[in-house]
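Working notes, structure below.
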Amino acid sequence: MKGLLKVFLGVLTAIGGFVDIGDLVANAVVGARFGLSLAWVLVAGVVGICLFADMSGRVAAVTGRGTFDLVRERLGPRAGLANLVASTFVTFLTLAAEIGGVALAFELATSVSYLLFVPLVAFLVWFVIWRMPFEKMEQAFGLAGLCLLAFAVALWQLGPDWGELFRQASHPSVPDGEGHPTYWFYAISLFGAAMTPYEVFFFSSGAVEEGWTRKDLKTERLNVYVGFPLGGVLSLAIAATSALVLLPQGIEVDHLDQVALPTVLALGKIGLAVLIVGFVAATFGAALETALSTGYSLAQYLGWQWGKRTAPKDAARFHAVVLVAVVLGAMLVLTTLDPVKVTEYSLVFSAIALPLTYFPILVVANDPEYMAESANGRVVNALATGYLVLLTVVALAAIPLMIATKAGQ
Amino acid sequence: MRGSDLLGAPVVSRSGAALGRVLDVRLVQDGPLLGAFAAMRVEGLVVGHRRTSARLGYDRVEAHGPWLVATVVRWLARDNRYLPWEQASLEGHRVVSGLDELLRVPFIT
Amino acid sequence: MKRAVAILTATLVTGMVTGCVSPSRTDRDYELKAGNTAKAVASSVATAILGADAAGRHKATGPYLSVLLGMAEKDALAVQSTFDSVQPPDATADRLRGTVDDLLGSATTGLTEMRIVCRRGELDKLPALADRLRSTLDGLRFLADHFQ
Amino acid sequence: MTGRVRDLALHLLDRQVVDTEGKAVGNVDDVELVVPEDGSPPYVVAILTGPQALARRLGGLLGQWLGFWSHALSRPDSSEPGRIPMELVTDIDTQITVARTRQELGVHRNEDRARQYLILRIPGARHARQ
C-alpha cells in the first residue's frame, strides 16, 4: 500500500497533462468527430511522454536538478530564454484555463455561473500551494482524479462492439465529411497536449521536492509507467464514450457538460456525481501543476531557490511568482474568455517549446558526467531520437495547420 | 575582465583574416592557490562559427549521446579549432592569433 | 402539427435541391452557410434531446441539465443570429433562408421551453418537449446533409 | 602536475550555485578573470551572479533591456552584479557549492525584497510543510 501511494506524482502529472480542461473537451471533440481513428496519436503521445518524463525524472533523482536548470545550461541563456518565454506562456494560459475549468465543474454541480467560482478557486489553488505538503497534495488530487475512471466504467456499461472499436483504432482513416488538414490538426493537438512541456517541469521538480535519489529510480520508473499510461487510458475512454453516443447524433462537442453526457446516460446520477468529483480533481490538479511549473521554470532559469519543501520565506521569489501567476490567471478567466478555447491557442507556443525542452533533457540524460551508469541505453536513445525528429516536424507543422484549419473548425 | 568579454569575441590572424569567434574558454585548475583550490587559469580558446556546437559537451571523449545527436553536433563542430593561450593576444575586443593555422580541439579526458 | 411542418419543409427543400440548379458562386456560398448553420443547431438540439432522455430516466440532476440546456440554447441562438445577419444573394436564397429560419425558430423556441421547464424543476416534462423537437431535428439534419 | 581541465561555457557558466545549507544562491551568470601583470595566463577569481551579469551575456536589445531594468530596480544599492570570490567555492560539480550561507553572501537583494514586502506579510510564510 505504501509503495502504491508513491506513484501519485506520476498520476497527478499525467492527469494534469492528459485530462485537464482542454483535453477533457478535446478528447470528446475528437471522439465525436473522428471516432477512434486518432487513438494511435494518444498511444504515440503516451510512449513519447513516458520516454522523456523518465529521462527528466532520472536526471532529477540522480543529480537533484530540475528540467529547466538543464535547459538553460545546455542551450545557453538566449535559447533558454526563448524556451522560458514560450513555455511559461503556454503554462500560464493553461493555468488560467484550469482555474476556469474547476469553476466550470462547480457550475455543472450547482448551475451557478462559473464566473462566481473563479476567485474562490484561485484562492484555493494558491492556498494549497502555500500550505499543503507536497505528498499530501499529490495523493489527494491524484486519488480524486481517479474518479475519471467513471468514463471507462461508462464505456463498459454502454456495451460497445469492442471488435469494431478496435478495428477503428487500429485502421485509422479520415472519416467522411472531414478534411485531411483538420484531421492532422487534431492529431498534432492531441500529440502536443500529451507531450506538453509543463509535465516534465512538474515531474522532475516534483521528484526533487520528494527528495528522490539514485535509490528511488525504481519508484521513478513506476511513477512514469503507471501514471502516463493511465492518463492515456482515460483520454481513450473519453474519446470512445463520445464516439459511441455523440458521434451517431452528429453532436459537436463545445462544452464540458457534453463531455459528461455519455457517462450520465450510462451511469446515471451516481456516475455524474463521481465524474464531477473527477473533473474538479483533474482540473484542480492541473491548476496546481501549471501554477507550480510557472514558478519552477522561472526559478530554475534564474537560479532562485524554489520548492514547496522550503518555508516560503526561504523561496520568496518562487512563491511570489506562483502567487502572481494565479492572480493573473484568475483575472484572465474573469474577462469571460472561454477557458476551453484558451488551451487550443496555447498550442502555438507549445510548438516552440517542445523541441527546446526535450532536446536538452536527451543530451543530459546521456551525459556521463551527470548520469554515470544511469545514462540512457541504446533502445531509449534510438526511440528518443525518433521522437525528437517527430517533435520538430510537429512544431514546424503546427502553426500552418492551425491557420489553415482555423484551429480545427 | 569577464568571461563574457572573451566568449563571442572575434578571432583574427596577424594578417587580419577572420578565424571565427571564441566559443569556449578552456581552463586548467593549476593556477595560484585561491582558498582550498588552485585557480582555474586560461589554457586556450575554442574557436569556431557555431555557438551551440561547443556547449553541448560532445567534445569530451567519454560523451557519446544518442548517435544521431552526437553525429550532428560533431558535424556542426567540425570546423572548430583550438588556439593555445600563449599564442593569443587581446587587442581591444578582438583576439589576435599568433598562429595562422589553428590546432585541432583537444578532447577533454 | 410540427411534424407536418417538418415533412413539408423537407419536401420543399428536396424540390429546391433537385429542381432549381442555379449554383452561382454566391448562391453556393449561401447554401453552404445554411448547411453549416443547420448542422450546428442540429448538434445543440440533439444534445438537448439526449439530456431530456437522461432526465426521463431519472439519470441526471437538475443543475446539470440546467447547464446543458442553457448552453444548447445559447449556442443555437448565437448561430441563428449569425445566420440572420448574412445577406441572401437572390430570390432562391430568400426561399432557402425562409426554410432555414422556420427550422431555427422552432429549434430555439423548443430549446428555450426546455430550459424554462428545467429551471422550474419540472424535469418530467422534458421528454415530451424533446419529442416535439425531433421533427425539427430531422429537418435540420436533412438540410445539413444536402448543403455540405 | 596538471590540474583538472574544464571548459568555461560547458562546465561553469549557467550552473546552479548552492550554499552550505543546500539552498540556491543563484546561477553562474558570468565569471571574473584577473590578468596578472607578469603576463602569465588569466585565471578565474570570482563567480558573478544576478541579472546585471546575465544582461551582458544575453547581449543585444534584450540584454540592454534587462540591464536597464535590473539597474533601475537595484537603486539605490550598487548596480554591480553579485560577486562570489573563488576562495569560497568548495566544490565544482553539476552544481557549485560555496562555504557561506545566502545571507552571508548577500548576493540576492531581490529575494530579500520579495520576502520583506510580500511573502512575510502572508501568514504561514515562516514554516515549511513537509
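Reminder, nothing fancy here: chain letters follow the sequence lines and each chain counts from 1. No experiment lies behind these values; they were computed from the predicted model shown.
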Please state whether the side chain, the backbone, both or neither of D:Asp30 comes within less than 4.5 Å of a heavy atom of chain B. side chain
Could you tell me whether the side chain of B:Leu27 reaches within less than 4.5 Å of the side chain of D:Leu12, counting heavy atoms only? yes
Check whether any side-chain heavy atom of B:Arg2 lies under 4.5 Å from a side-chain heavy atom of D:Pro81, and answer yes or no. yes
Should B:Met1 and D:Pro42 count as side-chain neighbours, where that means a heavy-atom distance under 4.5 Å? yes
Indicate yes or no: does D:Arg4 engage B:Asp30 in a salt bridge with an N to O separation below 4.0 Å. no
How long is the span from the CZ atom in D:Arg56 to the OG atom in B:Ser4, to the nearest 0.5 Å? 4.5 Å
Under 4.5 Å from any heavy atom of chain B, what part of D:Val35 do you find: side chain, backbone, both or neither? side chain
If you count every heavy atom of other residues, nucleotides or ligands that lies below 6.0 Å from D:Gln103 atom CD, does the total exceed 12? yes
D:Glu87 and B:Gly35: which non-hydrogen atoms are nearest, and at how many Å? CG-N, 3.5 Å
Heavy atoms only: give me the nearest B:Leu23-D:Ala9 pair and the separation to one decimal. O-CB, 4.3 Å
Do the side chains of D:Ile92 and B:Met40 get nearer than 4.5 Å, heavy atoms only? yes
Between D:Asp7 and B:Asp24, is there a donor-acceptor pair closer than 3.5 Å when you use the side chain of the first and the backbone of the second? no
Which value, rounded to the nearest 0.5 Å, describes the distance between D:Asp91 atom CG and B:Phe37 atom CZ? 6.5 Å
Is chain D contacted by the side chain of B:Leu33, its backbone, both, or neither, given a heavy-atom distance below 4.5 Å? neither
Side chain to side chain contact (heavy atoms under 4.5 Å, CB included) between D:Arg6 and B:Gln29, worked out: CA-CA 8 Å; D:Arg6 289 190 183 86; B:Gln29 197 164 12; 3.0 Å; yes
Does CZ belonging to B:Arg78 count more than 12 external heavy atoms closer than 6.0 Å? yes
Tell me the closest heavy-atom pair linking B:Leu7 and D:Leu13, and the distance in Å. CD1-CD1, 3.3 Å
CG (B:Leu6) and CG (D:Leu33) are apart, to the nearest 0.5 Å, by 6.0 Å
Measure distances from D:Asp14 to the heavy atoms of chain B and classify the residue's part below 4.5 Å as side chain, backbone, both or neither. side chain
Taking the side chain as every heavy atom from C-beta outward, state whether D:Leu8 and B:Arg26 have any atom pair closer than 4.5 Å. no
Heavy-atom pair count under 4.5 Å with chain D, highest-scoring of B:Pro32, B:Ala36, B:Ala39, B:Gly44: B:Pro32
